[in-house]
Amino acid sequence: MTKRNLGIFLLLVAVVLFGYFASDRFFTAYNVENVIRRTSLMGILAIGAVFVIITGGIDLSIGSVVCLVGCLTPFFIVQKQLPVALVLPLMAVMCLAIGGFHGLLITKLKIQPFVVTLCGLLFYRGFARGVLGDTSQGFGADYQGLRRLATEEIFLFGWDVGIPIPAIIMAGVALAAALFLGGTKYGRYLFALGRNETATRLSGVNTDRMVIVAYMICAALSGLGGLLFILDSNTAEPSGFGNFYELFAIAGAVLGGCSLRGGTGSVIGVIIGIAVIQILQNLIIQVDWIPKTIEFAVIGAVILGGVVADEVVRGLAGRAKAVS
């Protein structure tokens, strides 16, 4: 574990201890399972954000892709009576196409990632609202087998607290992402691209292709998150489903050690970062004397703190290198 990951882990321990002493409801089995489930769902989105942030990019459309998948999936399955085996691959292809489209606009037309994905944020949600007429979507009392992917828990060794299925899915996604970023040449290319795109391109790496792959992975994981969110909640309104989820994903990535300049980051750090955010959100609800209206103030402070810490660390490292 790196020093930065150790620092955020200690922050996680401190937040958990605060919760233990501040609320007698914090460590109930129901609340712990709820925190683990929410951390897992948001963690999948944050892992997707890691791929684009490492390249020095950003994806503001994550929440709108969550909305698009979360609303269209029950619409096609329940209202249009299309088979699940057709709808789920269709959603996957749609998400990959969205990510590929973002990557092409960024690499071939040289449009800033902020602009491309901001337009995506507006378009995908607007498209969902237009197609569905702003009507609420859900599975009702049907498709309980499918919904178990998000609602079921696994109890091990007589534990009172079950492990939600989304936590197992997130663990699989995290392992695959960590192996890709740390154990393959393509992962090394992404880190190199974020540190110095020109040097990476001149060394023979197809940087455009790597950027496109990063945005496709991010969109695919956003779609997976959207599917699990709708299976968990069983209801989605196009006007609000997935709102601000991109902020939580980016905040978790930044808090977990990803630099918005690109070139640095780790999957384990991001998972710890998103866990801190979810626990803080939970404590706002659980602790009576904490105002319930400061949720977004906390997220803003987290992002700002992460960026400030990154700049301070970079400055100290640069001065130390200059002295040596």
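Position 1 is the first residue of the sequence, and the numbers go up from there.
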Query raised in the report: About how many Å separate CG of L72 and CG of L132, when rounded to the nearest 0.5 Å?
Result: 5.5 Å
Query raised in the report: Does the side chain of R25 come within less than 4.5 Å of N31's, by heavy atoms?
Result: no
Query raised in the report: Do L60 and I58 come within less than 4.5 Å of each other through their side chains, counting heavy atoms only?
Result: yes
Report summary line: For G100 and I212, the nearest pair of non-hydrogen atoms, with its separation, is CA-CG2, 4.1 Å
Query raised in the report: Do L228 and I217 share a hydrophobic cluster (ILVMFWY, side-chain heavy atoms under 4.5 Å, transitive)?
Result: yes
**Report entry** Exercise: identify the closest heavy-atom pair between I36 and A167
**Finding:** CG2-CB, 3.9 Å
Requested in this report: Identify whether V52 and M216 are in the same connected component of the hydrophobic contact network (ILVMFWY, side-chain heavy atoms under 4.5 Å).
Outcome: no
Query raised in the report: Taking it one step at a time, do I271 and M170 satisfy side chain to side chain contact (heavy atoms under 4.5 Å, CB included)?
Result: CA-CA 9 Å; I271 293 174; M170 185 201 67; 4.0 Å; yes
Requested in this report: Taking the side chain as every heavy atom from C-beta outward, state whether C258 and T264 have any pair of such atoms under 4.5 Å apart.
Outcome: no
Report task. Just do the side chain to side chain contact (heavy atoms under 4.5 Å, CB included) check on I53 and F51 with the steps written out, would you? Result -> CA-CA 6 Å; I53 292 175; F51 281 87; over 6 Å; no
Requested in this report: Please confirm whether the backbone N or O of A275 pairs with a side-chain atom of T39, one donor and one acceptor, at under 3.5 Å?
Outcome: no
Report task. May I ask whether I284 and Y30 are part of the same hydrophobic cluster, defined by side-chain heavy atoms of I, L, V, M, F, W, Y residues being less than 4.5 angstrom apart, directly or through others? Result -> no
Query raised in the report: Roughly how far, to the nearest 0.5 Å, is CZ of R188 from CZ of F180?
Result: 10.5 Å
Query - Distance-minimising heavy-atom pair for P238 and T135 - result: CD-O, 3.4 Å
Requested in this report: Give a yes or no answer on whether the side chain of Q286 reaches the backbone of S23 with a donor-acceptor pair at less than 3.5 Å.
Outcome: no
Query raised in the report: Which heavy atom in C71 sits nearest to a heavy atom in A236, and how many Å separate them?
Result: SG-CB, 3.9 Å
Query - Between CD on residue E152 and CD1 on residue I163, distance to nearest 0.5 Å - result: 13.0 Å
Query raised in the report: Going by heavy atoms in the side chains, are F248 and L45 under 4.5 Å from each other?
Result: no
Query raised in the report: Are any side-chain N or O atoms of D59 and backbone N or O atoms of A219, one a donor and one an acceptor, separated by less than 3.5 Å?
Result: no
Report task. Could you grab the distance from atom CZ of F127 to atom CG of L122, nearest 0.5 Å is fine? Result -> 15.0 Å
Query raised in the report: Can you tell me if S61 uses its side chain to pair, donor with acceptor, with the backbone of S64 under 3.5 Å?
Result: no
Query raised in the report: Just by distance, do the side chain of T117 and the backbone of G120 share a donor-acceptor pair under 3.5 Å?
Result: no
Query - Any donor-acceptor N/O pair, R125 side chain to F241 backbone, under 3.5 Å - result: yes
Report task. Could you name each residue pair satisfying side-chain hydrogen bond (donor to acceptor under 3.5 Å, both in side chains) that touches residues 78-88, not counting sequence neighbours? Result -> Q79-Q137
Query raised in the report: Can Y245 and F229 be said to form a ring pair (Phe, Tyr, Trp, His ring centres under 6.0 Å), step by step?
Result: CA-CA 11 Å; Y245 283 12; F229 271 111; 4.8 Å; yes
Query raised in the report: With a 4.5 Å heavy-atom cut-off, do F27 and V16 have their side chains touching?
Result: yes
Requested in this report: Working to the nearest 0.5 Å, report the span between CD1 of I8 and CG of L11.
Outcome: 4.5 Å
Report task. Determine, using the 4.5 Å side-chain heavy-atom cutoff (strictly less than), whether L179 and L190 are members of one ILVMFWY cluster. Result -> no
Requested in this report: Could you grab the distance from atom CZ of R129 to atom CG of L68, nearest 0.5 Å is fine?
Outcome: 13.5 Å
Report summary line: Applied to residues 192-211, the side-chain hydrogen bond (donor to acceptor under 3.5 Å, both in side chains) test, sequence neighbours excluded, yields K108-D208
Query raised in the report: Could you go step by step and tell me if M94 and V69 meet the side chain to side chain contact (heavy atoms under 4.5 Å, CB included) rule?
Result: CA-CA 9 Å; M94 180 185 71; V69 173; 3.9 Å; yes
Report task. Ignoring hydrogens and angles, tell me if any N or O in the side chain of R147 forms a donor-acceptor pair with the backbone of L231 under 3.5 Å. Result -> yes
Query raised in the report: If you look at every heavy atom in L41 and P166, which pair is closest and at what distance?
Result: CD2-CB, 4.0 Å
**Report entry** F139 backbone acceptor or donor facing N234 side chain under 3.5 Å
**Finding:** yes
Query raised in the report: Same hydrophobic cluster for V66 and L96, using side-chain heavy-atom links shorter than 4.5 Å among ILVMFWY?
Result: no
Query raised in the report: Step by step, would you call L224 with I169 a side chain to side chain contact (heavy atoms under 4.5 Å, CB included)?
Result: CA-CA 10 Å; L224 175 60; I169 296 174; 4.3 Å; yes
Query raised in the report: What closest approach, in Å, do A177 and V267 show between heavy atoms, and which atom pair accounts for it?
Result: CB-CG2, 3.9 Å
**Report entry** F101 side chain reached by L105 side chain, heavy atoms, under 4.5 Å
**Finding:** yes
Query raised in the report: Do side-chain atoms of D232 reach the backbone of T151 as a donor and acceptor pair under 3.5 angstrom?
Result: no
Query raised in the report: Side chains of L227 and L149: does their closest heavy-atom pair fall under 4.5 Å?
Result: no
Requested in this report: Begin with the C-alpha distance, continue with both residues' side-chain angles, and end with the deciding distance and a verdict on ring pair (Phe, Tyr, Trp, His ring centres under 6.0 Å) for F114 and H102.
Outcome: CA-CA 10 Å; F114 181 92; H102 290 171; over 10 Å; no
Requested in this report: For the residue pair I111 and I106, establish whether any side-chain heavy-atom pair is separated by less than 4.5 Å.
Outcome: no
Query raised in the report: Are any side-chain N or O atoms of E246 and backbone N or O atoms of G63, one a donor and one an acceptor, separated by less than 3.5 Å?
Result: yes
Distance-only donor-acceptor hits, side chain of residues 296-305, under 3.5 Å, sequence neighbours excluded:
none

Query raised in the report: Is E153 salt-bridged to R37, going by a charged N under 4.0 Å from an acidic O?
Result: yes
